[in-house]
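What follows is a short report on a single structure.
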Amino acid sequence: MINSIYQKLLNHFGEQGWWPTINPKTGKIEYHSKRHIDENKRFEIILGAILTQNTSWKNAEKAILNLRKNKLLSKEKLNKIPVKKLSSLIKSSGYYNQKARKIKEFLAYKGLMKRQKLLGIWGLGPETVDSILLYAYNRPVFVIDSYTKRIFSRLMPQTSKLKTYEGWQKFFESKLPKNAELFKEYHALIVHLAKENCRKNPECVSCPLREQCKSFR
DNA sequence: GGCCAGGCCGGTG
DNA sequence: CACCGGCATGGC
C-alpha cells in the first residue's frame with residue numbers, strides 16, 4: 001500500500017527533485033534542483049527548514065531571498081549580526097522573533113549532526129531535524145509533517161492509532177526500503193498532493209489516489 | 001475579513 | 001503521554 005501509493009504519485013506528478021534552493025547564478029529559487037549540495041547549500045536548507053515552520057513556503061522563501069539580497073546568507077555573516085537585526089530581515093516568514101532566536105541557537109551549536117543532539121537545540125523539533133538530516137545530509141529518515149498525517153489519515157483510517165511523531169515515522173520506515181533518495185522524493189510528492197488535491201477542503205475528483213481512498217467524496 | 005500555511009515551546013492534567 | 005495557547009506574516 002505505502003509502496004504502491006508512492007508509485008502512483010510519482011507517475012502522476014513526476015519527479016519533484018526537492019529541496020528548493022537558490023541558483024547562485026540566477027539568484028532565483030529552483031524547485032527541481034539536482035545541484036550538488038555544498039556547505040552553503042546545506043546551510044540554506046537548514047534556514048529554510050526553520051523558516052517554513054507552520055508557514056507557507058512562499059513566505060519562508062521571501063525571507064531567504066531577503067537575506068541573500070543583504071549578502072548575509074552564510075553562517076559567518078549571520079553570526080556577526082544581532083538577533084534583532086536578523087528578526088527584522090526575516091519578517092515575511094512570520095514568528096520572526098522566535099525564528100531569529102532559533103537560527104542563532106543553531107549557529108551556536110558546535111556538535112555532531114546527530115538526531116538526538118539536534119533535537120536538543122531550542123527551536124528544532126522532529127520535523128525540522130528530520131528535514132535537515134534528509135535533505136541537507138542525505139540521511140535516510142522519513143519526514144512526517146501535517147500533510148503526511150492529513151493525507152494518510154484519509155487514505156488509511158487505521159493510522160489514527162499513530163499518536164506520536166515517532167509512531168508515524170516508524171509506520172513508514174518499516175514499510176519502505178531505507179533509502180534517502182526515496183524518502184526525499186516521497187515527502188516531496190506528499191507535499192505536492194496536499195497542495196493540489198488533499199487540501200483541508202479536498203479536491204477529490206481529480207485526485208490520483210481516489211480509487212483507494214477511504215474518504216473519497 | 002477569515003482561513004490557511006512543509007511547527008515548536010512551555011505549561012497543564 | 002496528550003492536549004492547549006502563544007507565536008505572526010502574506011496570499012487567496
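These numbers come from the heavy atoms of this one structure, side chains and all, not from hydrogens, waters or symmetry mates. Below, chains carry the letters A, B, ... as their sequence lines are ordered, and counting in each starts from 1.
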Kindly compute the distance separating [atom1] ([X]) from [atom2] ([Y]), expressed to the nearest 0.5 Å.
{"X": "A:Ile103", "Y": "A:Leu86", "atom1": "CD1", "atom2": "CG", "value": "5.0 Å"}
{"X": "A:Asn54", "Y": "A:Tyr95", "atom1": "CG", "atom2": "OH", "value": "4.0 Å"}
{"X": "A:Cys207", "Y": "A:Arg154", "atom1": "SG", "atom2": "CZ", "value": "9.5 Å"}

Donor-acceptor pairs under 3.5 Å, side chain of residues 119-135 of chain A to any protein atom, not counting sequence neighbours: which ones?
{"unit_1": "A:Thr128", "atom_1": "OG1", "unit_2": "A:Gln53", "atom_2": "NE2", "d": "2.9"}
{"unit_1": "A:Asp130", "atom_1": "OD1", "unit_2": "A:Arg115", "atom_2": "NE", "d": "2.8"}
{"unit_1": "A:Asp130", "atom_1": "OD2", "unit_2": "A:Arg115", "atom_2": "NH2", "d": "3.0"}
{"unit_1": "A:Asp130", "atom_1": "OD2", "unit_2": "A:Tyr165", "atom_2": "OH", "d": "2.7"}
{"unit_1": "A:Asp130", "atom_1": "OD2", "unit_2": "A:Gln169", "atom_2": "NE2", "d": "2.9"}
{"unit_1": "A:Ser131", "atom_1": "OG", "unit_2": "A:Glu127", "atom_2": "O", "d": "2.8"}
{"unit_1": "A:Tyr135", "atom_1": "OH", "unit_2": "A:Lys184", "atom_2": "O", "d": "2.8"}

Practice task
For A:Trp57 and A:Thr52, indicate whether the former's side chain and the latter's backbone hold a donor-acceptor pair under 3.5 Å.
Solution key: no

Handout entry: A:Lys104 side chain to A:Leu78 backbone, donor-acceptor under 3.5 Å
Key = yes

Handout entry: Listed partners of A:Glu105 passing side chain to side chain donor-acceptor pair (under 3.5 Å), at least two apart
Key = A:Arg101

Handout entry: Qualifying residues under salt bridge (charged side-chain N to carboxylate O under 4.0 Å, His left out), relative to A:Lys58, sequence neighbours excluded
Key = A:Glu61

Problem - side chain to side chain contact (heavy atoms under 4.5 Å, CB included) between A:Ile81 and A:Leu89, intermediate numbers included - result: CA-CA 11 Å; A:Ile81 65 170; A:Leu89 290 163; 4.2 Å; yes

Exercise for the section: May I ask you to say what A:Ser146 touches in the nucleic acid, namely base, sugar-phosphate or nothing, with a heavy-atom cut-off under 4.0 Å? Expected result: sugar-phosphate

Starting from [atom2] on [N], measure out to [atom1] on [X] and report it in whole angstrom.
{"X": "A:Asn54", "N": "B:dC4", "atom1": "CG", "atom2": "P", "result": "12 Å"}
{"X": "A:Lys149", "N": "B:dA5", "atom1": "NZ", "atom2": "P", "result": "14 Å"}
{"X": "A:Asn97", "N": "B:dC8", "atom1": "CG", "atom2": "P", "result": "19 Å"}

Fill in the blank from the handout: Note: for A:Arg101 and A:Asp145 on DNA chain B, the residue whose nearest nucleotide lies more 5' is A:Asp145

Practice task
Show your working on side chain to side chain contact (heavy atoms under 4.5 Å, CB included) between A:Ile5 and A:Tyr186 and close with a plain yes or no.
Solution key: CA-CA 9 Å; A:Ile5 287 171; A:Tyr186 206 156; 3.5 Å; yes

By a strict heavy-atom criterion of less than 4.0 Å, which residues belonging to [range] are in contact with DNA chain B?
{"range": "residues 156-176 of chain A", "result": "none"}
{"range": "residues 109-127 of chain A", "result": "A:Ile121, A:Trp122, A:Gly123, A:Leu124, A:Gly125, A:Pro126, A:Glu127"}
{"range": "residues 192-208 of chain A", "result": "A:Lys195, A:Lys200"}

If every non-hydrogen atom of [X] is compared with every non-hydrogen atom of [Y], which pair is closest and at what distance?
{"X": "A:Lys71", "Y": "A:Lys77", "result": "O-NZ, 3.7 Å"}
{"X": "A:Lys8", "Y": "A:Pro208", "result": "CD-O, 3.8 Å"}
{"X": "A:Glu44", "Y": "A:Ile22", "result": "OE2-N, 2.7 Å"}

Handout entry: Selection residues 45-56 of chain A - residue pairs positive for salt bridge (charged side-chain N to carboxylate O under 4.0 Å, His left out), sequence neighbours left out
Key = none

N/O to N/O distances under 3.5 Å, protein versus nucleotides 9-12 of chain C:
{"unit_1": "C:dT9", "atom_1": "OP1", "unit_2": "A:Tyr96", "atom_2": "OH", "d": "3.3"}
{"unit_1": "C:dT9", "atom_1": "O2", "unit_2": "A:Asn59", "atom_2": "ND2", "d": "2.9"}
{"unit_1": "C:dG10", "atom_1": "O4'", "unit_2": "A:Asn59", "atom_2": "OD1", "d": "3.2"}
{"unit_1": "C:dG10", "atom_1": "O4'", "unit_2": "A:Asn59", "atom_2": "ND2", "d": "3.0"}
{"unit_1": "C:dG11", "atom_1": "OP1", "unit_2": "A:Lys62", "atom_2": "NZ", "d": "3.4"}

Handout entry: P-based separation of C:dG10 from B:dC8 [nearest Å]
Key = 22 Å

Please list, one pair per line, the donor and acceptor atoms closer than 3.5 Å that link side chains of residues 193-200 of chain A to other protein atoms, with sequence neighbours excluded.
{"unit_1": "A:Glu196", "atom_1": "OE1", "unit_2": "A:His192", "atom_2": "NE2", "d": "3.4"}
{"unit_1": "A:Asn197", "atom_1": "ND2", "unit_2": "A:Glu203", "atom_2": "O", "d": "3.2"}
{"unit_1": "A:Asn197", "atom_1": "ND2", "unit_2": "A:Ser206", "atom_2": "OG", "d": "2.9"}
{"unit_1": "A:Arg199", "atom_1": "NH1", "unit_2": "A:Glu196", "atom_2": "O", "d": "3.0"}
{"unit_1": "A:Arg199", "atom_1": "NH2", "unit_2": "A:Glu203", "atom_2": "OE1", "d": "3.4"}

Exercise for the section: Assess the pair A:Phe172 and A:Phe152: is the distance between their ring centroids shorter than 6.0 Å? Expected result: yes

Could you list the protein-to-nucleotides 11-13 of chain B atom pairs, N/O on both sides, closer than 3.5 Å?
none

Problem - Which nucleotides of DNA chain B pair, in dot-bracket form (Watson-Crick or G-U under 3.5 Å, | meaning another strand) - result: .||||.|||||||

Fill in the blank from the handout: Taken in chain and number order and not counting sequence neighbours, the residues that satisfy ring-ring contact (aromatic ring centres under 6.0 Å, His included) with A:Phe43 are none

Exercise for the section: Verify the cluster assignment for A:Leu9 and A:Phe216: are they in a single hydrophobic cluster under the rule of side-chain heavy atoms below 4.5 Å apart? Expected result: no

